[in-house]
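I have placed the structure first, in the form of structure tokens, so that the comments after it can refer back to it.
Keep in mind that the numbers below use all heavy atoms, side chains included, and drop hydrogens, waters and symmetry copies. Position 1 is the first residue of the sequence; numbering continues from there.
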Amino acid sequence: MVMAIPAARLLIIRHSRLLLSTCPLAPFAISSADASSKFGHAFLAPKFITSFNQQEQQHRLKTFATMASQGKEIPANNPGLSDKPDEATKGYFLQQTMLRVKDPKVSLHFYSRVLGMKLLKRLDFPDMKFSLYFLGYEDIDAAPADPVERTAWTFQKVVIELTHNWGTESDPDFKGYHNGNSEPRGFGHFGITVDDTYKACERFATLGVEFVKKPDDGKMKGLAFIKDPDGYWIEIFDLKRIGQITSSAA
């Protein structure tokens with residue numbers, strides 16, 4: 001007799017724990033004789049056992065295998081993902097991430113000295129009492145001399161935008177900004193690619209950088225998280241290791 005086990009069940013078997021896939025397209029079947037010989041006794045979950053038409057089961061497994069072979073990233077495997085971007089968005093690209101900072105002097109030192117970024121453009125708004133600092137890894141010698149043209153040049157690059165609301169650096173009542181990694185959680189981090197994660201982190205340590213996670217902490221060995229002066233998390237990884245680190249999730 002064949003007993004089919006729905007996929008979304010965790011069954012504790014003698015000498016073994018088997019986590020079945022939560023995908024409804026992938027049912028598993030095993031006979032009581034096989035269960036007894038392989039695991040010491042049959043499954044003791046009659047309430048969860050249903051029978052599948054063999055043809056239907058084969059069809060579902062084939063469909064599941066086809067979807068898996070096409071890759072996780074296709075629209076069929078990601079509900080809500082557009083099959084084809086609208087033609088109107090053809091020229092769009094990700095350009096900036098904005099972070100509010102308490103003290104630009106401290107933040108500029110961190111991003112330029114510790115992370116090696118350059119100040120591509122600064123914009124000041126006296127009437128509204130704030131300034132914007134756009135930092136990135138571009139060759140500033142290639143920037144136009146004209147300030148207006150330099151702004152347009154900067155907005156063609158991938159940058160971090162630091163926003164300073166004037167006065168926060170000297171306000172004793174200012175408590176700082178929420179970094180998104182405590183309740184209520186929201187923004188998490190951004191990432192920086194380095195040549196070698198371990199060497200980069202050795203240097204960060206000598207510069208007094210605060211770590212959230214060092215390369216050998218936790219289960220994901222080879223990547224790290226540091227904090228900037230305002231407490232925002234920055235992931236540090238290198239291209240030699242990131243593929244292997246995430247291979248089990250690929």
Exercise. Parallel, tilted or perpendicular: which fits the ring planes of Phe130 and Phe125, with parallel below 30° and perpendicular above 60°?
Worked result: parallel
For this session: Name the orientation class of the two ring planes belonging to His189 and Phe225 (parallel below 30°, tilted from 30 to 60°, perpendicular beyond 60°).
Result: perpendicular
Which atom names give the shortest non-hydrogen contact between [X] and [Y], and what distance separates them?
X: Lys102; Y: Thr168; value: O-OG1, 2.7 Å
X: Thr151; Y: Leu123; value: OG1-CD2, 3.9 Å
X: Val114; Y: Arg203; value: O-NH1, 2.8 Å
X: Phe110; Y: Pro229; value: CG-CD, 3.5 Å
X: Ala224; Y: Thr197; value: N-CG2, 4.3 Å
X: Asn179; Y: Gly231; value: ND2-O, 2.7 Å

Other residues, nucleotides, ligands: >12 heavy atoms within 6.0 Å of [X] [atom1]:
X: Arg150; atom1: CZ; value: yes
X: Gln244; atom1: CD; value: no
X: Asp83; atom1: CG; value: no

Linking I/L/V/M/F/W/Y whenever their side-chain heavy atoms sit closer than 4.5 Å, directly or via other members, would [X] and [Y] fall into one cluster?
X: Leu99; Y: Leu135; answer: yes
X: Ile192; Y: Tyr133; answer: yes
X: Leu207; Y: Tyr232; answer: yes

For this session: Would you check, one step at a time, whether the test side chain to side chain contact (heavy atoms under 4.5 Å, CB included) holds for Arg241 with Tyr198?
Result: CA-CA 11 Å; Arg241 297 183 175 91; Tyr198 287 88; 3.6 Å; yes
Exercise. Taking the six-membered ring for Trp, are the ring centroids of Phe155 and Phe134 within less than 6.0 Å of each other?
Worked result: yes
Exercise. Are Asp195 and Lys240 ion-paired here, with the side-chain N under 4.0 Å from a carboxylate O?
Worked result: no
Exercise. Does a salt bridge link Asp217 with Lys214, judged by any charged N lying under 4.0 Å from a carboxylate O?
Worked result: no
For this session: Kindly compute the distance separating NZ (Lys129) from NE2 (His164), expressed to the nearest 0.5 Å.
Result: 12.5 Å
For this session: Please report the C-alpha distance between Tyr111 and Leu119 in whole Å, then the side-chain angles of each, then the deciding distance to 0.1 Å, and finally whether the side chain to side chain contact (heavy atoms under 4.5 Å, CB included) criterion is met.
Result: CA-CA 9 Å; Tyr111 283 97; Leu119 181 60; over 6 Å; no
Exercise. How far apart are the C-alpha atoms of Phe204 and Ile236, what are their side-chain angles, what is the distance that settles it, and do they pass the side chain to side chain contact (heavy atoms under 4.5 Å, CB included) test?
Worked result: CA-CA 11 Å; Phe204 294 154; Ile236 304 297; 3.9 Å; yes
For this session: Please assess Leu223 against Lys213 for the test side chain to side chain contact (heavy atoms under 4.5 Å, CB included), listing each intermediate value before the final yes or no.
Result: CA-CA 8 Å; Leu223 63 80; Lys213 175 193 178 305; 4.2 Å; yes
